[in-house]
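Remember, it's 1-based here, ligands and their atoms both numbered in the order they're listed.
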Amino acid sequence: MIDGLEGVIAANTVLSDVDGLAGRLIIRGYSLDDLAGRTRFEDVAHLLFDGFFDDMPSDLTRALGEARVAVFAETVAIDAGLLKLTPVEAMRALTARLPDGDGLGAALKLLAAPAVFIPAVVRAQAGQSLVPPDATLRHSADILRMLRGRPASEAEAEALDAYLVTVSDHGLNASTFAARVVASTQAGLTSAVLAGVSALKGPLHGGAPGPVIDMLDGIGRPENARAWLEAALDRGERLMGFGHRVYRVRDPRADVLKAAVRRMSEGSNVLPGRVAFAEAVETAALTILRDRKPDRPLDINVEFYTALLLEALAFPPATFTGVFAMGRVAGWIAHAREQLVGGRLIRPASRYIGPRPRQAA
Ligand code: ACO
């Protein structure tokens, strides 16, 4: 029995490769370092989808823009029940309104869905009027415009693209595995994406960056870091943004995002101080984790600098998991298609350890 399926290979994939010892991530033949900061999200989605749909256009920018407009027009009706949910729960409920399908049309609407729903829910919850999508904009710029009601700067759109590209796919992580299991039953792409969203929202997976902000706010000043972190570990808590099932070294995505935050901080009065503070907390956490767990390498993961980047882009912490879904949805869809065209029903076995039936007296 392998606890948590650690090390079990459950699929062949052409989509991405995570090397946990070298700290390397390859997305469809490209190193993450060559993609993030240089490529737009729609281009990486194109890369991931390539070969899995018959009718792919050469560029997804316009088709994705039109999908945002269609999703907004057909699906965004925010009722009182949705306003009581967290943004990711409301986004999941709205996504469930999309019909299941297997083709490119269904895939593009699902690719657009978190990007349209999260800004709409945030604005509705704040009592603000909704900002409809603009099909002519690049995806990242339109997300920021729909969220904040004003055009994004080039630097902001680039920073969000760097993030969305960085999280677009990552091997057989928990949410991607969940999506592949559902896809293997031929339930359809919406069902597979809903499984992905549901797995992503847990704090051990994509739900960590909101709590990273809570941690930074709780610490408050660099000189408090050590005592605060020691106290959290003494209470049996985990440090959010640290540790990973696969990486035994630094998660390469952390440094890509740290570089993106640094680029954004040029010309800002506030951000450099926030970055320096986060670095002090990172250093203290790594020292403490090394002292306390000498046999288990625990390093920084993607979520720590995700928190800083999304905060700098003015996403409320409650939306961070939903923003993660805006990027990872590309991977879920590609994996679902890959499972559907080349895989069998996923149906592992369990070992029964309960009581045997009693003999009738
Ligand atoms: N802080 C403190 N201790 C930790 C942490 C952490 N962040 N992560 C793992 N450990 C400890 C565990 O307590 C355990 O110690 P023990 O053996 O003395 O009980 C040991 O390291 C191994 O932990 P596991 O739970 O077996 O490791 P696993 O591979 O299952 O966990 C996980 C990976 C869930 C990411 C874990 O490191 C964690 O909880 N991190 C904090 C939450 C987080 O940042 N999640 C985002 C992950 S990135 C992503 O999914 C996008």
Below 4.0 Å from any atom of ligand 1, is there a heavy atom belonging to [X]?
{"X": "F304", "value": "no"}
{"X": "P211", "value": "no"}
{"X": "G4", "value": "no"}

Report task. Kindly work out whether a path of hydrophobic side-chain contacts (I/L/V/M/F/W/Y, heavy atoms less than 4.5 Å apart) joins I346 to W332. Result ->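 No.
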If the cut-off is 4.0 Å to any non-hydrogen atom of [X], which atoms of ligand 1 fall inside it?
{"X": "P203", "result": "42 (C), 43 (C), 45 (N)"}
{"X": "H244", "result": "33 (C), 37 (O), 48 (S)"}
{"X": "A208", "result": "43 (C), 44 (O), 45 (N), 46 (C)"}
{"X": "V302", "result": "51 (C)"}
{"X": "L233", "result": "2 (C)"}
{"X": "F324", "result": "51 (C)"}

For ligand 1, note which part of [X] has a heavy atom under 4.0 Å away: side chain, backbone, both or neither.
{"X": "E6", "answer": "neither"}
{"X": "H205", "answer": "both"}
{"X": "A174", "answer": "neither"}
{"X": "N301", "answer": "side chain"}
{"X": "L289", "answer": "side chain"}
{"X": "N173", "answer": "neither"}

Is any side-chain N of the basic residue among [X] and [Y] closer than 4.0 Å to the acidic one's carboxylate O?
{"X": "E230", "Y": "R292", "answer": "yes"}
{"X": "K293", "Y": "D299", "answer": "no"}
{"X": "R138", "Y": "D161", "answer": "yes"}

So between [options], whose heavy atom ends up nearest [atom]?
{"atom": "atom 19 (O) of ligand 1", "options": "K293, R253, E303", "answer": "K293"}
{"atom": "atom 27 (O) of ligand 1", "options": "E237, R328, R296", "answer": "R296"}
{"atom": "atom 3 (N) of ligand 1", "options": "L298, T321, V246, L204", "answer": "L298"}
{"atom": "atom 33 (C) of ligand 1", "options": "R245, H170, R292", "answer": "R245"}

Any idea which heavy atoms bring [X] and [Y] closest together, and the distance?
{"X": "R145", "Y": "P133", "answer": "NH2-C, 3.4 Å"}
{"X": "H139", "Y": "F41", "answer": "CD2-CD2, 3.4 Å"}
{"X": "L309", "Y": "M264", "answer": "CD1-SD, 4.0 Å"}
{"X": "D291", "Y": "R226", "answer": "OD2-NH2, 3.8 Å"}
{"X": "T95", "Y": "A113", "answer": "OG1-CB, 4.2 Å"}

Query - Sub-4.0 Å protein heavy atom next to atom 13 (O) of ligand 1 - result: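 True for atom 13 (O) of ligand 1.
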Query raised in the report: Are the ring centres of F315 and F320 closer than 6.0 Å?
Result: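 No: the rings miss the under 6.0 Å criterion.
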Distance-only donor-acceptor pairs under 3.5 Å for side chains of residues 114-127, two or more places apart:
| unit_1 | atom_1 | unit_2 | atom_2 | d |
| --- | --- | --- | --- | --- |
| R123 | NE | S129 | O | 2.7 |
| R123 | NH1 | L147 | O | 3.1 |
| R123 | NH2 | S129 | O | 3.3 |
| Q125 | NE2 | L83 | O | 3.2 |
| Q125 | NE2 | L85 | O | 2.8 |

Report task. Give the ring-plane orientation class for H244 versus H170, where under 30° counts as parallel, over 60° as perpendicular and anything between as tilted. Result ->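 Rings of H244 and H170: perpendicular, as their planes differ by over 60°.
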**Report entry** 4.5 Å side-chain heavy-atom contact, R40 and D59
**Finding:**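 The answer is yes, as the side chains (C-beta and beyond) meet within the 4.5 Å cut-off.
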Which residue and atom name correspond to the protein heavy atom nearest [atom], and how close is it?
{"atom": "atom 25 (O) of ligand 1", "value": "R238 NH2, 2.8 Å"}
{"atom": "atom 1 (N) of ligand 1", "value": "L239 N, 2.9 Å"}
{"atom": "atom 35 (C) of ligand 1", "value": "G243 O, 3.7 Å"}
{"atom": "atom 41 (C) of ligand 1", "value": "F242 O, 3.4 Å"}

Requested in this report: Check whether any N or O atom of M240, backbone or side chain, sits under 3.5 Å from an N or O atom of ligand 1, and answer yes or no.
Outcome: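 No, there is no polar N/O contact under 3.5 Å.
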Report task. Begin with the C-alpha distance, continue with both residues' side-chain angles, and end with the deciding distance and a verdict on salt bridge (charged side-chain N to carboxylate O under 4.0 Å, His left out) for R97 and E74. Result -> CA-CA 9 Å; R97 294 180 182 171; E74 293 162 16; over 6 Å; no
Requested in this report: Can you spot which of L164, T319, V167 makes a side-chain contact (heavy atoms from CB on, under 4.5 Å) with M326?
Outcome: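 The passing option is L164.
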